[in-house]
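Reminder, nothing fancy here: chain letters follow the sequence lines and each chain counts from 1.
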Amino acid sequence: MSDKPVRVRFAPSPTGSLHIGGVRTALFNWLFARQQKGAFILRIEDTDKKRYAEGAVEEIINGLRWLGLDWDEGPEVGGDKGPYFQSQRLELYREWAEWLVANDKAYRCYATPEELAEAEEQAKKRGLRWTGYDRRHRYLSEEERQRLHEERNGVHVIRFKMPIDGQTRVHDLIRGEIVFDNKELNDLVLLKSDGYPTYHLANVVDDHFMEISHIMRGEEWIPTAPIHWQLYNAFGWEMPLILHLPVILNPNGKGKMSKRYKLPEGTDKFVPVLLSEYMEAGYLPEALVNFLTNVGWAFGDDREIFTVEEAIEHFDIMRINPAGSAFPYQKLEWMNGVYIRKLSPEELTERLKPFLERAGLKYDEQKLAFITPYIQERLKTLSEVVDITRFLWVEEFVPAPVEELIPKKLDAEQTKKILQAVYDTLDALPSFDWPTQEAALRQLAEDLGLKAGQLFNPIRVATTAQRVAPPLFQSMEALGKEETLRRIKLAIDALDSYLNKRD
RNA sequence: GCCCCAUUCGUCUAGUGGCCUAGGACGCAGCCCUCUCAAGGCUGAAACACGGGUUCGAGUCCCGUAUGGGGCACCA
């Protein structure tokens, strides 16, 4: 591969929270760095003043930390190849752009974006194919150049002098050789008129001076690979080894994963795309990391659930699958459930708290700790704790509609009698712990000649008013005797007035 | 439109010329367990895009076609 020490980087642009595809890119770079005992570098590519989002850098940093992807050099940790914000390296880019101009590998272009847009429109109108910038200022004479410089008050961009003929070959570690005809390549802008570099310049200069050994980036960058190759060549620098990660597509395999994609099952639910959305939905970082490691790469021995340490040990960039993949969202839900079930009840309780708080529910610590083991295997995400335990924390209990109280094959009258019997049974209980309840109520079912479900379901509806709830007896114990009886009484009364109304 | 990349069950994938009667996982279906919902157990349906080569032999190598995806900014 290369005898140089492994140094890889993740270079996000601070335009908002990380896209899940970006997270995967960061993860693969990190995995590779850790596996090779190399360095993982975080670099902020903030060279677009228009798209800069306030707070985005912090969000990216928090997100990576949350995932456990620590960096050896970058914001907040420093490093001797810094600064790690491109906006603080402007002089470097300018210097090297000028170097290219001085060495006849780049030139100043005075055309404005408006003029070029106009030219493109004209070309199209005349049925000509516009293949990008028309190189109008590439072959200027010294006099013309001087005249334009004065005319435009020195405002210009620096463009790269792309070779006109021949081909550029780039070797992608997992895709092999990719060949481009140079005539397809443009004289792209290196330095913008505001003095900021474009991605191409900044990226090449930084990767070189930060001594990056491997570039691992998204597939959408493949078309820029020959451009970058030419830039390294012009500078006389060695290009790092390069590899393009497959894109992550929407769950149906159509198009790059986007916020607009609705989950087929729930019509109003959109698939989460930003890392912040996964955090808020209650996915565990360890589950997300495990899951993402399985998209585009596989452990190799049929193992799907594994620790990061195991992933680091087995990770191999040469075994990355080059084909784009649909985002296997349901698999993530399953895996998150697996990780939730692996947690100790105490740990789970702690992780659940922020979600209840954010939902504005005033939960009781002890009740939460008590009920956690019973909801643990029911949760796919942490945020689901809100709906499944809501009945325990609501200030004002709203009973379920009467119809839902009545079990199949029974009528309102019978249900009312049953609930009355339940009320009396529970009321007479010496202790309200759930095993005592269960014993008494199972006996009651037998005495009444009812199946367990016929007896228990109306009680659940009466006491929780929820479709889905933790096991009944544990729910009632958590609720407490007083509140449980109150709710059952509420149901009896409701059935009563329902019966009277019908008569 | 042009350039580039990719193509194994619905989906994520294993597979690097004979071990493939194509393996695993999610999802799906059925059964069991069961107080709702889950979790768990068992069983099942389900794929090498197509056409040509190369080879004794191709899911695996090559070429086309088709399909999907990505890119064509003074954005990254």
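- The salt bridge (charged side-chain N to carboxylate O under 4.0 Å, His left out) pairs that include a residue from residues 290-304 of chain A are A/D301-A/R303, A/R303-A/E310, A/E304-A/K331, where partners are two or more places apart or lie in different chains.
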Audit row: A/Y110, A/H149, side-chain hydrogen bond (donor to acceptor under 3.5 Å, both in side chains) steps and yes/no | CA-CA 7 Å; A/Y110 298 88; A/H149 197 82; 2.6 Å; yes
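- Scanning for side chain to side chain donor-acceptor pair (under 3.5 Å) contacts around A/D165 gives an empty result, with sequence neighbours left out.
- At a threshold of 4.0 angstrom between heavy atoms, the contacts of A/N321 are confined to the sugar-phosphate backbone, with no base atom among them.
- Sorted by first and then second residue, the pairs that involve residues 459-476 of chain A and meet side-chain hydrogen bond (donor to acceptor under 3.5 Å, both in side chains), not counting sequence neighbours, are A/N457-A/R460.
- The side chain to side chain donor-acceptor pair (under 3.5 Å) check on A/T168 picks up A/N182, A/Q230, with sequence neighbours excluded.
- Remark: the A/R460 side chain and the B/C35 base include a donor-acceptor N/O pair separated by less than 3.5 Å.
- Ring orientation note: the planes of A/W221 and A/Y199 are close to parallel, at an angle under 30° on the 30°/60° scale.
- In terms of position on RNA chain B, the residue among A/P322 and A/F456 whose nearest nucleotide sits closer to the 5' end is A/P322.
- A search for side chain to side chain contact (heavy atoms under 4.5 Å, CB included) contacts involving A/E115 returns A/A111, A/T112, A/R136, A/R152, not counting sequence neighbours.
- In this view, A/E120 and A/K124 satisfy the side chain to side chain donor-acceptor pair (under 3.5 Å) rule, not counting sequence neighbours.
- Among residues two or more places apart in sequence or in another chain, the side chain to side chain contact (heavy atoms under 4.5 Å, CB included) test is passed with A/E91 by A/R94.
- Toward the 5' end of RNA chain B, the nearer of the two residues A/R467 and A/F180, judged by each one's closest nucleotide, is A/F180.
- Residue A/G296 is in sugar-phosphate contact alone, with no base atom involved, counting any heavy-atom pair closer than 4.0 Å across all strands shown.
- Across all strands, A/A469 comes closer than 4.0 Å to base atoms (heavy-atom distances).
- Contacts of A/I178 with the nucleic acid, taken as non-hydrogen atoms under 4.0 Å apart, involve only primed sugar atoms and P, OP1 or OP2.
- Spacing of P atoms, B/U60 relative to B/C9, comes out at 14 Å, to the nearest Å.
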Check: protein-nucleotides 43-51 of chain B nitrogen or oxygen pairs below 3.5 Å:
none

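- Listed by chain and number, the residues in a side chain to side chain donor-acceptor pair (under 3.5 Å) with A/S87 are A/D46 (sequence neighbours excluded).
- Cation-pi geometry between A/R43 and A/F10 is not met at under 6.0 angstrom from the ring centre and within 45 degrees of the axis.
- Taking the P atoms as reference points, B/C26 lies 10 Å from B/G41, given to the whole Å.
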Tabulate atom names and distances for all N/O pairs under 3.5 angstrom spanning the protein and nucleotides 67-76 of chain B.
from, atom 1, to, atom 2, distance (Å)
B/G70, OP1, A/K256, N, 2.7
B/G71, OP1, A/K256, NZ, 3.1
B/C74, OP2, A/R159, NH2, 3.4
B/C74, O2, A/S193, N, 2.8
B/C74, O2, A/S193, OG, 2.8
B/C74, N3, A/S193, OG, 3.1
B/C74, N4, A/A111, O, 3.0
B/C75, OP2, A/K192, NZ, 3.0
B/C75, O2', A/D48, OD2, 2.9
B/C75, O2', A/R51, NE, 3.4
B/C75, O2', A/R51, NH2, 3.4
B/A76, OP1, A/T47, OG1, 2.9
B/A76, OP1, A/K192, NZ, 2.8
B/A76, OP2, A/Y199, N, 3.0
B/A76, O3', A/E45, OE1, 2.8

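- In this structure, A/V461 reaches neither bases nor backbone, as no heavy-atom distance under 4.0 Å exists between it and the strands shown.
- Across the C1' atoms, B/U34 and B/G18 are found 50 Å apart, a figure rounded to whole Å.
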For nucleotides 21-32 of chain B, just jot down a letter per nucleotide in 5' to 3' order: B, S or -, based on protein non-hydrogen atoms under 4.0 Å.
-> --BBBSS-----
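- By the side chain to side chain contact (heavy atoms under 4.5 Å, CB included) test, A/K50 pairs with A/D48, sequence neighbours left out.
- Between A/R341 and B/G40 there is a side-chain polar atom (N or O) within less than 4.0 angstrom of OP1 or OP2.
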